[in-house]
Number of protein chains: 2
Amino acid sequence: MGYQETIPGVVRGEVTGTQCIRRSFAILRLLAGGDHDGEKLVDIAGALKLSHPTTHRILKALEQEGIVERAGGSQRYRLGAEAAWLGVGPFNRCPITRLSAIVLEDLAQATGDSIFLSVPSHNDAVYADRRLGNWPVQARGVHVGARRPMGVSVGGRVMLAHLGEARMKTVLAENADRFADWNCPMDQVLRGIEDTRAQGYLVDDSLTRQGRRAMAVPVRDVGGRAIGAISIIAPTARLGSDRVARLLPLLREGARRVGTALFEQRMAS
Amino acid sequence: MGYQETIPGVVRGEVTGTQCIRRSFAILRLLAGGDHDGEKLVDIAGALKLSHPTTHRILKALEQEGIVERAGGSQRYRLGAEAAWLGVGPFNRCPITRLSAIVLEDLAQATGDSIFLSVPSHNDAVYADRRLGNWPVQARGVHVGARRPMGVSVGGRVMLAHLGEARMKTVLAENADRFADWNCPMDQVLRGIEDTRAQGYLVDDSLTRQGRRAMAVPVRDVGGRAIGAISIIAPTARLGSDRVARLLPLLREGARRVGTALFEQRMAS
DNA sequence: GGAAAACTTCCACATTTCGGAAAATCCGTA
DNA sequence: TACGGATTTTCCGAAATGTGGAAGTTTTCC
């Protein structure tokens, strides 16, 4: 017996005696990544390699805490209102979203397309904020709080490229299996990372949405490490190489503003 | 050995095999209630009647998950960025805050004072949203995401009054000890609940802030049960009985709008 | 600079959690 | 509406995970 978390080549945190806390939050991150309809118990258990009774017991406890709720009548689990109330404090305190709000707004205004801020969370890229442009085709389907395995979205690849070699390798190793679910070939991810390192930004067709193309630049802290990414999503035709060239300075300036503001904020507190 | 959660007269949830999940979230709620400087380990352990090593182990695990972080350099724990990323999805989906945003804005404009939306979370009242009025004295100290044991704030008392007899008793029993920390006498709470039931609203001096008075009305769902409260906080002089009478219809109308909108939203989905 | 308070590690122990198997329930399909 | 496979839930024996006393280490506050 005894489920042992064994990730090849990865030394997981050294804390022991907290198996079920790790499992609980793995479940919560999984649910955060799913859509609003929720996830079935078998799928959760399958994805995390947990037994059904264990998954069930944890979900029931989380439901009792209000952190997890059942979509509609029953049977499908998703994050609940308590998650919102626990998170709203940190969210409002969190510098990056507060500082990026204006920048995203400006970019959405200037470009007319949808602008996203992604941040890394464990092995995922989370969409931390979003501004829809006024161009008729909008990215309404991608909600704030949604997640992708880091590397699937252009924002994720850009962050991977600036995360440090060791961390990048770890994340890629741990995400390798998950990429398949997003029909995202590993070599496309690797190519994206290399491109980003070469040019400082990345443009690629969307994997999740046919006919869309996305472009991302890193938001970097003082040490040059990525703490996020700003991306723009638009119909493929609207992201030809000419427009990309025109957008690049805009996005870069935005990312720089966020990074600098963050630094100044840090200094102040 | 073996810590047993024993609350007199209260049958806690029947889920077993999840002790440390309950403990984890008890800690998280405690941290959510604290201020931005964070809480010391001993205080957390003391408040929740946990041993130091256990508290330490759980906090370390939560820190590794990024749900908890250390304020400044070290030693004081508070909620971390991951809590924000897990919560931002549910928050944006959550109907009540979306629907109340406009209402709070209107009320803040109309009154010039600070308007709060509280919602119940376990035994706490959480400030789910806030609008500062343009009157020079503002309630900047009370942040969104902050918590009070339900009954301490006027919003909490108003919610208690409309929570159903059984639930109210439970919450009062479980909060009895905590009231002392807010120098909030139990009979003042009880009186507040009775007043609310008699008049449908509550006015009382602030317990947390000298020279402030607050007024609250319940936000009720179709069945009449409280799902939140809208409250206004102002210098005592600005909440005399004449102005209270003038404000009452405004607040009630606001609460009604939120309640109705919520109902319609439920119907639609 | 010293003492008290707080944090962290260690370890033997048993409570809490685990998961296989089976029963109950749900849901898609006809 | 009734059937059958899929999914959820309960049960329970087993042991791994998590527990807390005691002791060592670091931090904080005089």
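A, B, ... follow the sequence lines: proteins, then strands. Residue 1 opens every chain.
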(message) Taking B/E65's backbone N and O only, do any of them form a donor-acceptor pair with A/H122's side chain (distance below 3.5 Å, no angle check)?
(response) yes
(request) Write down the distance between CG (B/L59) and C1' (C/dT9), rounded to a whole number of angstrom. (result) 16 Å
(request) Assign the ring pair B/H143 / B/H36 to parallel, tilted or perpendicular, where the plane angle (0 to 90°) is split at 30° and 60°. (result) tilted
(request) Would you kindly give the CD-to-P distance between B/Q19 and C/dA14, to the nearest whole Å? (result) 16 Å
(message) Using a heavy-atom cut-off of 4.0 Å across all strands, would you classify A/R76 as base, sugar-phosphate, or nothing?
(response) nothing
(message) Measure CZ/B/R57 against P/C/dT17 and give the value in whole Å, please.
(response) 10 Å
(request) Could you tell me the separation between the CZ atom of A/R22 and the C1' atom of D/dA16, rounded to a whole number of Å? (result) 14 Å
(request) Please tell me which of the listed nucleotides, D/dT8, D/dC11, D/dT19, lies nearest to the side chain of A/H52? (result) D/dT8
(message) Distance check needed: D/dT28 P versus B/D37 CG, whole Å only.
(response) 14 Å
(message) Just to verify, which of A/E69, A/E39, A/E63 counts as forming a salt bridge (charged side-chain N to carboxylate O under 4.0 Å, His left out) with A/R78?
(response) A/E69
(message) I want to confirm an ordering. Mapping A/Q75 and A/I21 to their closest nucleotides on DNA chain D, which one lands closer to the 5' end?
(response) A/Q75
(message) Using heavy-atom distances to pick each residue's nearest nucleotide on DNA chain D, tell me which of A/C20 and A/L41 is more 5'.
(response) A/L41
(message) Just the rounded figure in Å: distance from P of C/dC7 to NZ of B/K60.
(response) 14 Å
(message) What is the separation between atom NE2 on A/H56 and atom C1' on C/dG19, rounded to the nearest whole Å?
(response) 14 Å
(message) Could you tell me how far apart B/K40 (NZ) and C/dT8 (C1') are, to the nearest whole angstrom?
(response) 16 Å
(message) Looking at D/dT19, I'd like to know if its phosphate oxygens (OP1 or OP2) sit under 4.0 Å from a side-chain N or O belonging to B/S51.
(response) no
(message) Between A/D124 and A/R178, does any NZ, NE, NH1 or NH2 come within less than 4.0 Å of an OD or OE carboxylate oxygen?
(response) yes
